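None of the values given here were measured: they were computed from a predicted structure.
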Amino acid sequence: MDHGPVQATLNFIGGKYKALILWHLSDGKLRFTELKQELGSATPKVLTQQLRELESQELIHREVYPDVPPKVEYSLTDTGRSLLPVIKAMRDWGLSHLPKLPKQTTKGS
């Protein structure tokens with residue numbers, strides 16, 4: 001079985017927070033601080049890195065407004081929006097299987 005398309009998709013959404021960023025942007029534009037609040041544990045450095053990667057992959061659009069201080073909003077591109085059914089399927093799978101799966105442990109626990 002050819003795993004190339006699966007690997008290609010994972011390369012786009014496989015970052016630590018990429019799928020979650022796309023999911024949160026599905027409701028509309030968000031600013032950096034709003035995304036940070038939604039993701040909770042993401043450090044500003046990691047969130048910035050993930051946003052830059054998503055922007056370079058043309059999955060999100062970064063709009064900078066010439067306000068003081070500068071206002072930046074992120075939104076989904078059409079390509080980013082096309083991944084929402086995949087992310088929704090991941091969410092649905094998690095909803096139906098998570099209660100049955102063993103709890104994941106974090107490093108050091």
Side-chain angles (χ1 to χ4, degrees):
M1 192 181 318
D2 181 15
H3 69 274
V6 173
Q7 186 62 55
T9 304
L10 286 174
N11 289 345
F12 275 87
I13 64 170
K16 188 168 185 178
Y17 296 102
K18 286 182 178 182
L20 293 173
I21 291 167
L22 296 172
W23 180 253
H24 288 297
L25 289 175
S26 67
D27 287 333
K29 297 177 181 182
L30 290 174
R31 296 179 70 177
F32 183 89
T33 53
E34 294 168 323
L35 281 167
K36 174 77 178 89
Q37 287 174 341
E38 292 289 346
L39 298 175
S41 63
T43 65
K45 179 182 175 182
V46 170
L47 180 55
T48 298
Q49 176 188 17
Q50 299 282 278
L51 288 167
R52 285 183 182 155
E53 288 177 20
L54 288 167
E55 185 181 8
S56 72
Q57 294 166 322
E58 299 181 2
L59 298 177
I60 65 170
H61 174 72
R62 181 176 183 261
E63 183 78 28
V64 180
Y65 297 92
D67 298 341
V68 177
K71 176 182 172 183
V72 178
E73 289 182 332
Y74 297 92
S75 60
L76 292 176
T77 63
D78 289 340
T79 305
R81 221 172 278 105
S82 73
L83 279 168
L84 291 177
V86 174
I87 297 168
K88 183 181 182 309
M90 291 168 55
R91 184 207 57 171
D92 292 347
W93 186 92
L95 285 172
S96 63
H97 290 85
L98 221 51
K100 303 176 221 171
L101 296 174
K103 292 190 191 247
Q104 283 189 320
T105 58
T106 58
K107 290 181 182 177
S109 56

Sequence neighbours left out, what passes side-chain hydrogen bond (donor to acceptor under 3.5 Å, both in side chains) with [X]? Give chain and number order.
X   : value
K29 : none
D78 : R81
E55 : none

[atom1] of [X] to [atom2] of [Y]: how many Å apart, nearest 0.5 Å?
X   : Y   : atom1 : atom2 : value
I87 : L22 : CD1   : CG    : 4.5 Å
L35 : Q50 : CG    : CD    : 11.5 Å
I60 : T77 : CD1   : OG1   : 8.5 Å

Going by atom type alone, with no hydrogens or angles, which donor-acceptor pairs under 3.5 Å involve a side-chain atom of residues 63-73 and a protein atom two or more places apart or on another chain?
residue	atom	partner	partner atom	Å
E63	OE1	H61	NE2	2.8
Y65	OH	E73	OE1	3.1

Quick one: side chain to side chain contact (heavy atoms under 4.5 Å, CB included) partners of [X], sequence neighbours excluded?
X   : value
E34 : L30, R31
P85 : none
L95 : R91, D92
T43 : K45, V46

Taking a hydrophobic cluster as the set of Ile, Leu, Val, Met, Phe, Trp and Tyr residues connected by side-chain heavy atoms closer than 4.5 Å, whether directly or through intermediates, do L54 and L10 fall within one such cluster?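 The answer is no; the residues belong to distinct hydrophobic clusters.
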Closest non-hydrogen atom pair between [X] and [Y], with its separation:
X   : Y   : value
S82 : T79 : OG-O, 2.5 Å
L47 : A42 : CB-CB, 4.4 Å
K36 : P44 : CE-CD, 4.0 Å

Which pairs with one or both residues in residues 68-93 pass ring pair (Phe, Tyr, Trp, His ring centres under 6.0 Å), sequence neighbours excluded?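 For residues 68-93: W93-H97.
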Show every donor-acceptor pair shorter than 3.5 Å between a side-chain atom in residues 12-20 and any protein atom, with sequence neighbours excluded, or say none if there are none.
residue	atom	partner	partner atom	Å
Y17	OH	S41	OG	3.1
K18	NZ	E53	OE1	2.9
K18	NZ	Q57	OE1	3.4

After noting the C-alpha distance and the side-chain angles of R52 and T48, does the key distance pass the side-chain contact (heavy atoms from CB on, under 4.5 Å) rule? CA-CA 6 Å; R52 285 183 182 155; T48 298; 3.5 Å; yes
Quick one: does R62's side chain get under 4.5 Å of L51's, heavy atoms only?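 No, too far: nothing below the 4.5 Å cut-off.
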